[in-house]
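Counting starts at 1 for both ligands and their atoms, following the listed order. The analysis underlying the following values was restricted to heavy atoms, covering all of them including side chains, and did not include hydrogens, waters or symmetry mates.
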Amino acid sequence: MTPAGVTLGTADTRRVSGDRAELERAERLPAAELAELRRRWWDERRYVYVTPGDELARRALRGFPPDVRALGERCRIIRFEARAGGGFYGDRNEVELAAGVETYEGLGQVELSACHELFHFICWNDPRYRADEEQNFAYLRHAVRESRDTLADFPRYRAWVTGSFLRQGDHANPVEYFADIPTNFRDTRELPPAIRAHFAPLIDGSPLPYDLSRPAPWPLSRRDTELATFQRWLAGRE
Ligand SMILES: [Zn+2]
């Protein structure tokens with residue numbers, strides 16, 4: 001265990017050699033000075049502060065409904081020795097997040113990264129949304145299709161989906177979209193109504209308007225479930 005109480009795989013614990021306050025002070029430096037500091041830290045493979053996984057889950061899920069927080073906080077977050085990277089591993093039902101995210105990307109970014117990974121865990125472990133995933137996201141795809149004509153009324157969502165999300169190529173798929181919506185939209189009023197209805201239980205605790213465990217009442221053709229179709233619908237097209 002490191003002084004911060006973090007298990008770092010094969011870590012040389014001397015590399016975690018600061019605290020949260022030191023990192024907060026560093027982040028207030030002018031950008032060029034911070035970049036230089038990070039360059040020197042990386043020369044030493046130093047992690048200034050690594051948030052323990054359970055504390056990180058609590059921080060990342062602040063403001064979400066109590067049932068969502070309770071579920072997400074059950075997820076183990078392993079901090080491994082690397083500057084960046086991470087993921088959710090369904091086979092182990094665990095999240096891994098690089099120990100360097102705080103030091104090299106920032107204390108704000110680590111919470112956003114953890115939030116994204118925790119919503120992969122929540123999709124996999126909340127019986128309602130897991131049921132939709134098991135029918136190939138039939139309800140989620142339908143909500144995206146229904147949102148097409150309403151994008152103009154939700155400029156922040158439209159700018160995010162077209163300017164950021166869809167730029168990721170193959171990564172712009174239903175699984176990643178699911179994790180990104182609660183991470184990027186804490187105010188459901190910024191979401192088109194069909195998207196809002198699907199995600200609101202996770203964001204503001206509203207009830208779902210449909211039962212995701214029932215077979216979707218509309219047939220999805222093979223073409224409807226192609227990635228290109230999902231991306232076209234996200235962009236508001238046909
Ligand atoms: Zn992801």
### Query
So, is Glu117 placed with an N/O/S atom under 2.8 Å from the Zn ion (ligand 1), counting both backbone and side chain?
no

### Query
Which N, O or S atom name in Glu176 marks its closest approach to the Zn ion (ligand 1)?
OE1

### Task
Using a strict 4.0 Å threshold on nitrogen-to-oxygen distance, state whether Glu226 and Arg222 make a salt bridge.
no

### Task
Look at the rings of Phe178 and Phe199 and say which category their plane angle falls in: under 30° parallel, 30 to 60° tilted, over 60° perpendicular.
tilted

#### Entry: Side-chain ion pair, Arg25 and Glu22, N-O less than 4.0 Å
no

#### Entry: Parallel, tilted or perpendicular: rings of Tyr157 and Trp160 (30°, 60°)
tilted

### Message
Rounding to 10°, state the angle centred on the Zn ion (ligand 1) that links NE2 in His120 with NE2 in His116.
### Response
100°

